[in-house]
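What follows is a set of notes on a single structure, which appears directly below.
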Amino acid sequence: MKHNSIHWFRKGLRLHDNPALLAAMKDCAELYPIFILDPWFPRNMKVSVNRWRFLIEALKDLDENLKKINSRLFVVRGKPTEVFPLLFKKWKVTRLTFEVDTEPYSRQRDADVEKLAAEHNVQVIQKVSNTLYAIDRIIAENNGKPPLTYVRFQTVLASLGPPKRPVQVPTQENMKDCCTLWKSSYNEKYGVPTLEELGQDSLKLGPRLYPGGESEALSRLELHMKRTTWVCNFKKPETEPNSLTPSTTVLSPYVKFGCLSARTFWWRIAEIYQGKKHSDPPVSLHGQLLWREFFYTAGVGIPNFNKMEGNTVCVQVDWGNNKEHLQAWSEGRTGYPFIDAIMTQLRTEGWIHHLARHAVACFLTRGDLWISWEEGQKVFEELLLDADWSLNAGNWQWLSASTFFHQFFRVYSPVAFGKKTDKNGDYIKKYLPILKKFPAEYIYEPWKAPRSLQERAGCIIGKDYPKPIVEHDVASKQNIQRMKAAYARRSGSTAEVDKDSGQSNKNGAKRKVAGGPSVAELFKKNKSKKD
DNA sequence: ACTCGCGTTGGGTTG
DNA sequence: GCAACCCAACGCGAG
């Protein structure tokens, strides 16, 4: 019996390494590759015009690549649960395939669609291809709980063996016994949307540095893989956050949208490593893909992973609520040129280096402004081309010393950190041209420049560029004490904790945290189930 | 139950 | 220029 198949693209916007697409093509009479413009997304999250453009370009490229194998992409408008019953009937669908997506909204959505499919006698096939491993297998292997350290994570993966190899790329041969039917009305009904249709202002677009799509992803991949020495020597902490052109691959937006398969990336790197000395996780290129996997695992295994409240592994911190400071940070007006340059790059270009993310995330939270990491998470979710739910939540928890990372006394300096790799402040001058006439001596701290120098530079601090909104040396010291107090409350010290000084009595014995079971207790139940 | 080594990427001073 | 050390000190996970 031959099927009429829908393959539903969500992430995974590619033909290569797409097992669910291959499954749709098997014993198939009519194939309908679709993407659904789901109104849930713009209603529930801000998305920058830059990321909308990336998505549109990815969809266009997908349509072009499907055309090459005698198919097309149908972009459908509407809620998935409303769209599918109509499509099932209209196209006499018997099979629906898609890639497994582990985010909370996606899981609920997919469960709802699966139910609808069953009601319409439509077979559903789901395949793992967004991640290197099936995430629930990782969790099961670790006795039902996600590892909280990278070392432990690696141990768990070692027992699972290497990731699966990517599957074959579909060709015209795969389509020879089936067809995709589209009519002359295709473009008005199923065409890839424009920015205007999505209510986006194209005048707000930044430079097109990272065009969307699988074709661009694969050519970028090959471009970097040609640099075999660089690939083998890659150590993330040694790459520069403030180089004038990216010091890393910037493949992250492509991996996020699935224009590039993580497994294809993994095995391509493995080919380069073959027989050569190379760096290792956590700092190597393989290591970077494992970090992604690490946070995906945490996102699946830890309830309320994108929040502090109800997140049992997250330190509960009494973050402040200074709206002016949050806005200044978000708009690059903190008065710290290094921070403001990074936020400007983020807003205009949609990508910043990982260490630049560290600097601004630390500054917003435990370092200087004492604002909740959830606020930073929202801004990154809007502006980053590579914004990915688990990675964004996980990294914000990391940098704010809320989860995974606990050495809160290690604070990034908004002045010193950037100097290590850009003494002259060329990066600052690129993104904050108002400061371009300041000499290296003052470029990271322009408020210290004498008035006469400010005048000569054509930039008066406090008028043309803001004064620092906080004094880093004072704020960071105070915030370390606040973190100390938050940790003391967490471990349940019986001693009095003085909130202002953060002094706690170290002799206080540990006891259960008030208001809920500890993480260990929560996970114990799972463990006994497995054993 | 308890200790202990260590953790992808800090800053600052000293030698 | 660079390595060693201090700062004041966290939790995870192995043993």
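Order of the sequence lines fixes the chain letters, A, B, ..., with proteins taken first and strands second; residue numbering starts at 1 for each chain. These values consider heavy atoms only, across backbone and side chains, with no hydrogens, waters or symmetry-generated copies.
Pair check for C/dA9 finds none; no Watson-Crick or G-U wobble contact set falls under 3.5 Å. Under the Watson-Crick or G-U wobble criterion, with both distances below 3.5 Å, B/dT9 is left unpaired in every strand shown. Taking a pair to require two hydrogen-bonding distances under 3.5 Å in either a Watson-Crick or a G-U wobble arrangement, B/dG15 pairs with C/dC2.
Nearest nucleotide to the A/Leu148 side chain, out of C/dG13, C/dG11, B/dG11: C/dG13. Relative to the side chain of A/Thr149, the nucleotides C/dC12, B/dT9, B/dT8 differ in distance, and C/dC12 lies closest. Among B/dG11, B/dT9, C/dA9, the nucleotide with an atom closest to any side-chain atom of A/Ala416 is B/dG11. Side-chain proximity of A/Pro237 to the nucleotides B/dG10, C/dG13, B/dT8 is greatest for B/dT8. Side-chain atoms of A/Tyr487 lie closest to C/dG11 of the nucleotides C/dA9, C/dG11, B/dT9. Taking only side-chain atoms of A/His406, from C-beta outward, the nucleotide of B/dG11, C/dG11, B/dT8 with the closest atom is C/dG11.
Annotation: B/dC6 and C/dA9 have their C1' atoms spaced 13 Å apart (nearest Å). Across B/dT8 and C/dA8, the matching C1' atoms stand 22 Å from one another, rounded to whole Å.
For A/Asn142 and C/dG13, the CG to P distance is 8 Å, given to the nearest whole Å. Spacing between atom CD of A/Gln407 and atom P of B/dG7 amounts to 10 Å, rounded to whole angstrom units. The separation between A/Glu240 atom CD and B/dT8 atom C1' is 17 Å, rounded to whole Å. Taking atom CZ of A/Phe408 as the reference point, atom P of B/dT9 lies 16 Å away to the nearest angstrom. Distance NE2 (A/His472) to P (B/dG10): 13 Å, rounded to an integer number of Å. Atom-to-atom, CZ of A/Phe363 to C1' of B/dG10 comes out at 16 Å; the value is rounded to the nearest Å. One can place NZ of A/Lys419 at 11 Å from P of B/dG11, the figure rounded to the nearest angstrom. If you measure from atom CG of A/Asp473 to atom P of B/dG11, you get 12 Å, rounded to the nearest angstrom.
The closest donor-acceptor contact from the side chain of A/Tyr133 to the backbone of A/Gly161 lies under 3.5 Å. A donor-acceptor pair is defined here as one N or O able to donate and one able to accept, closer than 3.5 Å; no such pair exists between the side chain of A/Arg333 and the backbone of A/Pro466.
Among the heavy atoms of the strands lying under 4.0 Å from A/Val151 are primed sugar atoms or P, OP1, OP2 only; no base atom is included. Among the heavy atoms of the strands lying under 4.0 Å from A/Phe417 are primed sugar atoms or P, OP1, OP2 only; no base atom is included. The residue A/Tyr150 sits close only to the backbone: its heavy atoms come under 4.0 Å of sugar-phosphate atoms, none of a base. Base contact: A/Val283 has a heavy atom under 4.0 Å from a base atom.
B/dT8 has A/Trp291 stacked on its base ring, the centres lying under 5.5 angstrom apart and the planes within 30 degrees of parallel.
When the options A/Phe405, A/Phe295, A/Phe404, A/Phe380 are evaluated for a ring-ring contact (aromatic ring centres under 6.0 Å, His included) with A/Trp396, the one that passes is A/Phe380.
Checking A/Tyr336 against A/His472 by side-chain atom types alone, no donor-acceptor pair falls below 3.5 Å. Between the side chains of A/His286 and A/Tyr273, no donor-acceptor pair is found at a separation under 3.5 Å.
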Take A/Glu331 and A/Arg347 through the test salt bridge (Lys or Arg N to Asp or Glu O under 4.0 Å) and record every step on the way to the result.
CA-CA 8 Å; A/Glu331 294 169 2; A/Arg347 196 164 280 279; 5.9 Å; no
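Checking the phosphate oxygens (OP1, OP2) of B/dG10, no side-chain nitrogen or oxygen of A/Lys420 falls inside 4.0 Å. In this structure, A/Arg152 reaches the C/dA14 phosphate: one of its side-chain N or O atoms is under 4.0 Å from OP1 or OP2. Regarding contacts with the backbone of C/dA9, a side-chain N or O of A/Lys484 is found under 4.0 angstrom from either OP1 or OP2.
Within 6.0 Å of NZ in A/Lys127 there are 12 or fewer heavy atoms belonging to other residues, nucleotides or ligands.
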